[in-house]
Amino acid sequence: MSDISPKAEIDPRAKIGNNCKIFPFVYIEGDVEIGDGCIIFPFVSILNGTRMGGHNKIHQGSVIGALPQDFDFRGEKSECIIGHNNIIRENVVINRATHNGCKTVIGDSNFLMEGVHISHDVKVGNQCVFGYGTKIAGDCEIGNGAIFSSSVIENAGTRVGVGAMLQAGTTFSKDVPPYIIAGGTPVMYAGVNKTMCESYGVDEKVIKHIANAYRLVFHGQTSVFDAMHQIKEQVPDSPEIQNIVRFLETTEKGIISKL
């Protein structure tokens, strides 16, 4: 059984798991599924298309599954998928996807601080942190363990690689590769995110290989395409180096600026 306040407004069609705590003045629409052990604080709205896993905490004023802020939206049925063990603080907005059958996806164990906005069709991995007032535009992809400091703006259709960190106030319109720190105006490469690499158990030797790979990309006098081939030829192989090469090979927006 769940502890649901009689002052919460919940459509009887909504599916609520066991051992949930739902406070007064929560609003939950009918096409919603909430997993076990979730805590929903007052004045949260959870709207149609939301599919939420277990043990999430949603704080006051947040809106989950909000209609997409996209001129292409025509009222189609879409979804907003929230994984497990996420902390979503006050006044966070997460939009569902724009088109029929599409999904906005938030993985597991993410921390979204106050005022974060995740737009339509965004895909977020696991164990990411989004600082105060960060805004993620539509159709973005964010890898596991990415860290966004406060007031970061990610423009539409861009990607952030696994273990990357964006410094406070950064705005970017190109892809941010894995394992790096990026910041400034305009945004630029600011070194390898050694702390995150170490937390993932990446060997010190491999961290040096990552630094060498990005030295070729950001400090070399060649194109990113040529630097990618130099990485393959000159840098010892590892899963991390493979991630970097794969990211560079699949960029559509291009990557952030060299120093």
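- Rounded to the nearest 0.5 Å, atoms CE (Met52) and SG (Cys20) are 9.0 Å apart.
- Of all heavy-atom pairs spanning Gly125 and Asn144, the tightest one is CA-OD1, 3.3 Å.
- Of all heavy-atom pairs between Ala213 and Ile231, the closest is O-CD1, 3.7 Å.
- Side-chain atoms of Asn48 come within 3.5 Å of backbone atoms of Asp31 as a donor-acceptor pair (strictly under, hydrogens ignored).
- Pairs passing the ring-ring contact (aromatic ring centres under 6.0 Å, His included) check and including a residue from residues 127-169, sequence neighbours excluded, read Phe130-Phe148.
- Looking at Asp121, its side chain does come within 3.5 Å of a backbone N or O of Thr98 through a donor-acceptor pair.
- The salt bridge (charged side-chain N to carboxylate O under 4.0 Å, His left out) pairs that include a residue from residues 218-238 are Lys232-Glu249, where partners are two or more places apart or lie in different chains.
- No more than 12 heavy-atom neighbours from other residues, nucleotides or ligands sit within 6.0 angstrom of NZ on Lys57.
- Heavy atoms only, all atoms of each residue included: Ala227 and Thr222 are closest at N-OG1, 3.8 Å.
- For the residue pair Thr104 and Arg96, no side-chain donor N or O sits within less than 3.5 Å of a side-chain acceptor on the partner.
- Scanning for side chain to side chain donor-acceptor pair (under 3.5 Å) contacts around Ser173 gives Asn155, with sequence neighbours left out.
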Under 3.5 Å, which donor-acceptor pairs link side chains of residues 3-11 to any protein atom two or more places apart or in another chain?
from	atom 1	to	atom 2	distance (Å)
Asp3	OD2	Lys21	NZ	2.8
Ser5	OG	Lys7	N	3.0
Asp11	OD1	Arg13	N	2.8
Asp11	OD1	Arg13	NE	3.0
Asp11	OD2	Arg13	NH2	3.0

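- Ser149 contributes a side-chain N or O that, together with a main-chain N or O of Leu166, makes up a donor-acceptor pair within less than 3.5 Å.
- To the nearest 0.5 Å, atom OG of residue Ser45 and atom CD1 of residue Ile40 are 11.0 Å apart.
- Residues Ile210 and Ile180 are not in side-chain contact: their nearest non-hydrogen atoms beyond the backbone lie 4.5 Å or more apart.
- Residues Phe247 and Met165 do not share a hydrophobic cluster, defined by chaining ILVMFWY side chains whose heavy atoms lie under 4.5 Å apart.
- Using a 4.5 Å heavy-atom threshold, the side chains of Glu198 and Glu204 count as touching.
- Residues that satisfy the side chain to side chain donor-acceptor pair (under 3.5 Å) test with His117, not counting sequence neighbours, are Asn95.
- By the criterion of side-chain heavy atoms lying less than 4.5 angstrom apart, applied directly or through intervening Ile, Leu, Val, Met, Phe, Trp or Tyr residues, Val93 is not grouped with Leu112; the two fall into different hydrophobic clusters.
- Val176 has its side chain out of reach of Ile255: every pair of non-hydrogen atoms, C-beta onward, lies at least 4.5 Å apart.
- Residue pairs meeting the ring-ring contact (aromatic ring centres under 6.0 Å, His included) criterion with at least one partner in residues 154-178, sequence neighbours excluded, do not occur; the list is empty.
- Atom-to-atom distance recorded for His209:NE2 and Ser238:OG is 8.0 Å, nearest 0.5 angstrom.
- With respect to Arg89 and Glu114, no salt bridge is recorded, no charged nitrogen being found less than 4.0 Å from a carboxylate O.
- By the 30° and 60° cut-offs, the orientation of the rings of Tyr214 relative to Phe218 is tilted.
- Between atom CG of residue Asn110 and atom CD1 of residue Ile142 there is a gap of 9.0 Å, rounded to the nearest 0.5 Å.
- Put simply, the side chain of Asn85 never gets that close to the backbone of Asp108: no donor and acceptor are under 3.5 Å apart.
- Once rounded to the nearest 0.5 Å, the distance linking CE of Met196 with CD of Gln127 reads 8.5 Å.
- Using a 4.5 Å heavy-atom threshold, the side chains of Thr50 and Ile28 count as separate.
- Among residues two or more places apart in sequence or in another chain, the side chain to side chain donor-acceptor pair (under 3.5 Å) test is passed with His99 by Glu76.
- Ile58 and Phe25 are members of different hydrophobic clusters when ILVMFWY side chains are connected at heavy-atom separations under 4.5 Å.
- Here the side chain of Lys123 pairs a donor or acceptor atom with the backbone of Lys103 at under 3.5 angstrom.
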Determine, stepwise, if the pair Asn56 / Ile82 fulfils side-chain contact (heavy atoms from CB on, under 4.5 Å). CA-CA 9 Å; Asn56 296 289; Ile82 309 291; 4.0 Å; yes
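- Residues satisfying the salt bridge (Lys or Arg N to Asp or Glu O under 4.0 Å) criterion with Asp70, sequence neighbours excluded, are absent altogether.
- No salt bridge links Lys208 with Asp203; every basic N to acidic carboxylate O contact stays at or beyond 4.0 Å.
- When atom types are taken as modelled, the side chain of Asn19 and the backbone of Asp36 share no donor-acceptor pair closer than 3.5 angstrom.
- Between the side chains of Tyr27 and Glu29, at least one donor N or O lies within less than 3.5 Å of an accepting N or O.
- Side-chain atoms of Ser2 come within 3.5 Å of backbone atoms of Gly17 as a donor-acceptor pair (strictly under, hydrogens ignored).
- Residue pairs meeting the salt bridge (charged side-chain N to carboxylate O under 4.0 Å, His left out) criterion with at least one partner in residues 172-193, sequence neighbours excluded, are Arg159-Asp175.
- Applying the side chain to side chain donor-acceptor pair (under 3.5 Å) criterion to Thr170, with sequence neighbours excluded, gives no partner residue.
- In this structure, Ile39 belongs to a hydrophobic cluster whose other members, linked by side-chain heavy atoms under 4.5 Å apart, are Phe23, Phe41.
- One N or O on the side chain of Ser119 and one on the backbone of Ile136 form a donor-acceptor pair closer than 3.5 Å.
- Counting only heavy atoms from C-beta outward, the side chains of Ile94 and Val92 approach each other to under 4.5 Å.
- Remark: the backbone N or O of Val122 is not paired with any side-chain donor or acceptor of Asp139 at under 3.5 angstrom.
- Counting only heavy atoms from C-beta outward, the side chains of Asn243 and Tyr179 approach each other to under 4.5 Å.
- Under a 4.5 Å side-chain heavy-atom cut-off, the cluster of Ile, Leu, Val, Met, Phe, Trp and Tyr residues that includes Ile81 is completed by Val105.
- Remark: side-chain polar atoms of His84 are paired, donor with acceptor, to backbone N or O of Gly54 under 3.5 angstrom.
- Residues Tyr189 and Met228 share a single hydrophobic cluster, defined by chaining ILVMFWY side chains whose heavy atoms lie under 4.5 Å apart.
- Both Ile181 and Val192 belong to a common hydrophobic cluster when Ile, Leu, Val, Met, Phe, Trp and Tyr are linked at side-chain heavy-atom distances under 4.5 angstrom.
- Rounded to the nearest 0.5 angstrom, Asn91 CG and His59 NE2 are separated by 11.5 Å.
- When all heavy atoms are compared, the tightest approach of Cys128 to Gly143 is SG-O, 3.1 Å.
- Of all heavy-atom pairs between Ile46 and Ile34, the closest is CD1-CD1, 3.8 Å.
- Taking both residues in full, the closest heavy atoms of Val160 and Ala146 are given as CG1-CB, 4.0 Å, listed atom of the first, atom of the second, then distance.
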Take Gln234 and Leu216, measure what side-chain contact (heavy atoms from CB on, under 4.5 Å) needs, and give me the verdict at the end. CA-CA 10 Å; Gln234 300 177 26; Leu216 293 170; 4.0 Å; yes
